[in-house]
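See below for the structure under consideration.
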Amino acid sequence: MTMRLPEVVKKYLAVTGGYGKSATIASLGIPREETERVFDFLDEDYHISRFFHFRDASGEGELETFLINGFPQTHILIDGDIQSIL
């Protein structure tokens with residue numbers, strides 16, 4: 001079963017304590033394969049992806065990198081406006 005958007009947001013909020021804060025993708029605690037599959041899917045949907053901001057900071061140290069739609073990413077930030085579609 002694939003993780004749904006509300007579950008992803010809940011994990012993000014548990015790590016960051018609020019919207020608009022950057023978190024390592026690894027800190028969400030989702031297995032690599034599922035992380036890449038779920039974020040690939042969510043990133044392809046414009047109505048969802050506009051609230052997601054990925055960043056690759058792999059050059060800044062020992063950070064786990066995930067391939068999201070073929071691009072290496074280490075961090076995610078979710079805008080609070082995502083609440084409008086939850």
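Taking CD1 of Ile25 as the reference point, atom OG1 of Thr65 lies at 8.5 Å (rounded to 0.5 Å).
Side-chain contact between Leu77 and Phe52: absent, with no pair of heavy atoms (C-beta onward) separated by less than 4.5 Å. Taking the side chain as every heavy atom from C-beta outward, Ile30 and Val38 never approach each other to under 4.5 Å. The shortest distance between side-chain heavy atoms of Thr35 and Leu28 does not fall below 4.5 Å. Proximity of Phe66 to Phe54: side-chain heavy atoms (C-beta onward) are nowhere separated by under 4.5 Å. Residues Tyr19 and Leu13 have side chains in contact (heavy-atom distance under 4.5 Å, counting atoms from C-beta outward).
Taking hydrophobic clusters as Ile, Leu, Val, Met, Phe, Trp and Tyr residues chained together by side-chain heavy-atom distances below 4.5 Å, Leu5 shares a cluster with Ile76. A continuous path of ILVMFWY side-chain contacts below 4.5 Å connects Leu86 to Met3, so both sit in one hydrophobic cluster. A continuous path of hydrophobic side-chain contacts links Phe39 to Ile85 [ILVMFWY only; heavy atoms under 4.5 Å].
When the side chain to side chain donor-acceptor pair (under 3.5 Å) test is applied to Ser27, the partners found at least two apart in sequence or on another chain are Thr24. For Phe51, there are no ring-ring contact (aromatic ring centres under 6.0 Å, His included) partners two or more places apart in sequence or in a different chain. With sequence neighbours left out, the side chain to side chain donor-acceptor pair (under 3.5 Å) criterion links Asp43 to Asn69. Partners of Ser49 according to the side chain to side chain donor-acceptor pair (under 3.5 Å) rule, which considers only residues two or more places apart in sequence or in another chain, do not exist here. When the side chain to side chain donor-acceptor pair (under 3.5 Å) test is applied to Arg32, the partners found at least two apart in sequence or on another chain are Glu36, Glu64.
Side-chain atoms of Tyr12 come within 3.5 Å of backbone N or O of Ile78 as a donor-acceptor pair.
Within the structure, salt bridge (charged side-chain N to carboxylate O under 4.0 Å, His left out) contacts touching residues 53-62 (residues at least two apart or in different chains) are Arg55-Glu60. Within the structure, the salt bridge (charged side-chain N to carboxylate O under 4.0 Å, His left out) test picks out no pair touching residues 6-24 (sequence neighbours left out). Within the structure, every pair that satisfies the side chain to side chain donor-acceptor pair (under 3.5 Å) test and touches residues 71-86, not counting sequence neighbours, is listed here: His53-Asp79.
Counting all heavy atoms, side chain and backbone alike, Ile82 lies closest to Val9 at CD1-CG2, 4.1 Å.
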